[in-house]
Structure formats: C-alpha cells, structure tokens
Participant: 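Structure below; questions to follow.
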Number of protein chains: 2
Amino acid sequence: MRGSERRELVLSAAAEVFGERGYVGATTDAVARAAGVSQPYVVRMFGSKAALFEAVLERSLDRLLETFRSAAAEVGRSSPGQQELAACVGRNYVDLLRDRGILLSLMQAFMLGADPEIGPIARAGWIRVYRTLRDEIGLTPEAVVDVLSGGMLINTLVGVRLAADWEEPDVRELLETALPTKVGILRELADPDASGT
Amino acid sequence: MRGSERRELVLSAAAEVFGERGYVGATTDAVARAAGVSQPYVVRMFGSKAALFEAVLERSLDRLLETFRSAAAEVGRSSPGQQELAACVGRNYVDLLRDRGILLSLMQAFMLGADPEIGPIARAGWIRVYRTLRDEIGLTPEAVVDVLSGGMLINTLVGVRLAADWEEPDVRELLETALPTKVGILRELADPDASGT
DNA sequence: GTCTATAGGGCGATAGAC
DNA sequence: GTCTATCGCCCTATAGAC
C-alpha cells in the first residue's frame, strides 16, 4: 500500500470517528483502530490531532462542493429553474450520507465555532458552501437558504440517529415527511442489516 | 442564596459551557468557574458530569417546549392557519437564542446520537419536540418539518458563530436572508458590544 | 453546604527500535 | 514507514476539613 493510500485510509476512518464523537470526544486511538494502524502513527502522520481534524474537514468540504457541482452538471444543460436545481442538489446531498463521516464531521466542526482554532476554519468552510451554491450552481440567496435548511435538518436527524427508533410510528412519519424518497438511506445508517426490509 | 437558586445558577452556566464546547469538550471546572463555585461542588451537586448534562438537557427541552406553547397561545384564539402558526413559532424560537446555551446544548446532544447514554435521551427529546409541534401546536407534519429545518439552520449558524464574520458581505447576505427580521440577535451573540450598530 | 487537596485514569505526544 | 513503550498533562471524582 502506498503512502497516499494509507493517508486516505486514515482520513476516511478519522472522518467517521470525528463525525460520531465530535472533535474532543474522538481519540486518536479510536481513529487508529478504525484504520488498522497504531495510535502514534496517526499522530505522526498528521503532526497532531488538531491537524488531523483540519485535514478531515478539508477533505469533507471538497467532497461536499464536488457533489454540489456534479448535481448542477446533471441538470445544467437546459438552464433549469431554481426549484429544479435545488431539488437536484438536495438529492445528491442525501446520497453523500452513504459516505458516513463527511457530513457529520463538518457538522461537528460547525458546532465548535467558539473554538479559537476550529471556529475560523468552520466559518470559512460555511462561506465557501454559500458561495458555491450561489455563484457556481446559480441559486438565489433564498434558494440557498432553503437548501441549507433542509441539509441541516438532515444532518441533525442523522447525527441523533433518529432512525434507530424506526419502530416508533411518529419517527416514521417525521422521517418520511423530511426525506420523502430517501428514507432508505437513513435506515441503512441506523442499522446496516435493515436495508432490505 | 437558597439551594434551588444555586442549582439553577449552575445549570444555566453549564448550558452555556456545554453549548459552546460540546459534552466532552466542556469541563466541570469551566462550568464551576462560570457559576462561581468550586469544581468538586459541581460534581457533588449532580453526582457526575453525565448527570449534569442530562439535567441541562431536561431544562433546555422544557424551555423549548414552553416557548412553542406560548407561541401557539399568542395566535391561538383565532384558529390561525398553518403559515401563521409556523411563523409565530419561528419568531419565538429565535428569541430563545438570547438565553445562550439552551438551543446549543440541545444541538450538541443531537450530534451525539451514537453515544449509548446520550443517544437515547437525545432521540426521546427530538420525538417530544415533534409531537409538541404537531399535537399541541397543531401543525401538519409538513409544517413541522419546515419549522424544524429553519430551526436547525439557525442553530448551526449560531453554533458556527458566522456573525463573527459580519464584515464579510456574503455573510451579511446569508444571515439577512435566513433571518430577515432577527439578524440583530445573531450580532449580539457574536459580539455583545455590536448590538447597537 | 461548600471548600481544598489529591487520587486515579485516560489521552496526546514523544523516544527510539526495526 | 511503522511499530512498542512510555511520559506528562488534564480532567473527573473522592476524601475530608470547616
């Protein structure tokens, strides 16, 4: 395995662990275990836990923005309306959930805006998201806010793992209202064995 | 000062600290300092850090649901439509931001759904929010989802402290689009001295 | 009730072998 | 490049005085 591959392996594992436990709650040892390497190696590879988290955020943001761009390219040939654009961005966004850790690690960073190191990075990321949706995708500010609102609700529903209470009828009603066509993904995330039922 | 007052003092301080740093990142020492008491006393008062966090969540959820109910009472006499109800709930929700810590401590709990202790509590809280909005306030599931979407966006914008970059024009545009009439509150939260400018 | 002092455990980071 | 061993710090929780 080449160095770049091992680096990507650790980054992917770290995104999941940071997404689940938050920046402070995640341990470099848990990341190392998830990646199948030793704890000191994780630290040595990135210099520090903080630097590892920043690398995770950069990678997650890149994937998110790429997803937005490919969504725009999907419907872009026919100069679509705001609603069509926003709907397509939303669909691709939900598919991102399959790559556990990307959206949740970003969300964990967003909740640490008061941190003197992470805060500025999180705000810069948030601004990049806004500009990409407005300038590259071509959404109006109002449409961007709608997309972001739905996205933050989805992030929260995934973060709280509400689908774990799927047997509860009100949970089903809420999830099916919030994600009319994409509930299956949430159920997969809550319980990998329940995807087919 | 009576015991119940001191308890409320510690709970209020804890809500802010947990909201800013997350459950793991918050230290009982920081809570104690914010409340002006000693660190061991905070632990003794609630038994453990986990029990303190759970008390914070219970208090925060109670205040949130009370806010929803008072919003409904505000417009309730004239059997209002869904849009009017949802708008009133949204207005009162934003006013809750003045009580720093309430919404953010809940949000921090929502991001820890994978935690075996906090996860079930967070999910139960989420379900109570949904049922209150649907059954007591009388919103349709679709209207509840709209209210929750906007709420999660606001929580995230406050958590990331985007208003700290107020001099950035795109930040102004985003915040004024997301909270047309209530931007002042975000600016107060970002910088207590900037409320009048 | 509330404090000071401190024990005990976990985690990030370093040293150094291979 | 990758590991094992370990240091030193910080944080929760306990002991015990007042």
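We name chains A, B, ... by the order of the sequence lines, and we start the count at 1 in each one.
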Participant: Compare all side-chain heavy atoms of Glu58(B) with those of Glu54(B) and state whether any distance is below 4.5 angstrom.
Facilitator: no
Participant: In whole Å, what is the span from the CG atom of Asp29(B) to the P atom of dT12(D)?
Facilitator: 8 Å
Participant: Just the rounded figure in Å: distance from P of dG1(D) to CZ of Arg7(A).
Facilitator: 11 Å
Participant: Quick one: label Arg6(A) by what it contacts on the DNA or RNA (base, sugar-phosphate, nothing), any heavy atom closer than 4.0 Å.
Facilitator: sugar-phosphate
Participant: Could you tell me the separation between the CZ atom of Arg44(A) and the P atom of dT14(C), rounded to a whole number of Å?
Facilitator: 8 Å
Participant: Looking at side-chain heavy atoms only, is the closest gap between Leu189(A) and Arg100(A) below 4.5 Å?
Facilitator: yes
Participant: Just grab all the ring-ring contact (aromatic ring centres under 6.0 Å, His included) pairs involving residues 137-179 of chain B, residues at least two apart or on different chains.
Facilitator: none
Participant: State, with a plain yes or no, whether a side-chain heavy atom of Asp165(A) is found less than 4.5 Å away from one of Ile127(B).
Facilitator: yes
Participant: Less than 4.5 Å apart, side chain to side chain, heavy atoms only: is that true for Leu112(A) and Glu117(A)?
Facilitator: no
Participant: Scan residues 51-76 of chain A for pairs that pass ring-ring contact (aromatic ring centres under 6.0 Å, His included), counting only residues two or more places apart or in two chains.
Facilitator: Phe18(A)-Phe53(A), Tyr23(A)-Phe53(A)
Participant: At a cut-off of 3.5 Å, list every protein nitrogen or oxygen paired with a nitrogen or oxygen from nucleotides 4-10 of chain D, distance to 0.1 Å.
Facilitator:
none

Participant: Not counting sequence neighbours, list each pair that qualifies as a side-chain hydrogen bond (donor to acceptor under 3.5 Å, both in side chains) and has a residue in residues 10-21 of chain B.
Facilitator: Glu20(B)-Arg161(B)
Participant: If you look only at pairs with a residue in residues 79-115 of chain A, which of them pass as a ring-ring contact (aromatic ring centres under 6.0 Å, His included), with sequence neighbours excluded?
Facilitator: Phe110(A)-Trp126(A)
Participant: Ala26(B) near the nucleic acid: base, sugar-phosphate alone, or nothing, with a heavy-atom cut-off under 4.0 Å?
Facilitator: sugar-phosphate
Participant: Scan residues 46-55 of chain B against DNA chain D and write down, sorted by residue number, each residue with any heavy atom closer than 4.0 Å; if none is found, say none.
Facilitator: Ser48(B), Lys49(B)
Participant: Can you tell me if Thr28(A) touches the phosphate of dG12(C), counting only side-chain N or O atoms and a distance under 4.0 Å to OP1 or OP2?
Facilitator: yes
Participant: Starting at atom CZ of Arg33(B), determine the distance to atom P of dC3(C), rounded to an integer number of angstrom.
Facilitator: 13 Å
Participant: With a 4.5 Å cut-off on side-chain heavy atoms, are Glu173(A) and Arg134(B) touching?
Facilitator: yes
Participant: What integer distance in Å separates Tyr23(A):OH from dC11(C):C1'?
Facilitator: 12 Å
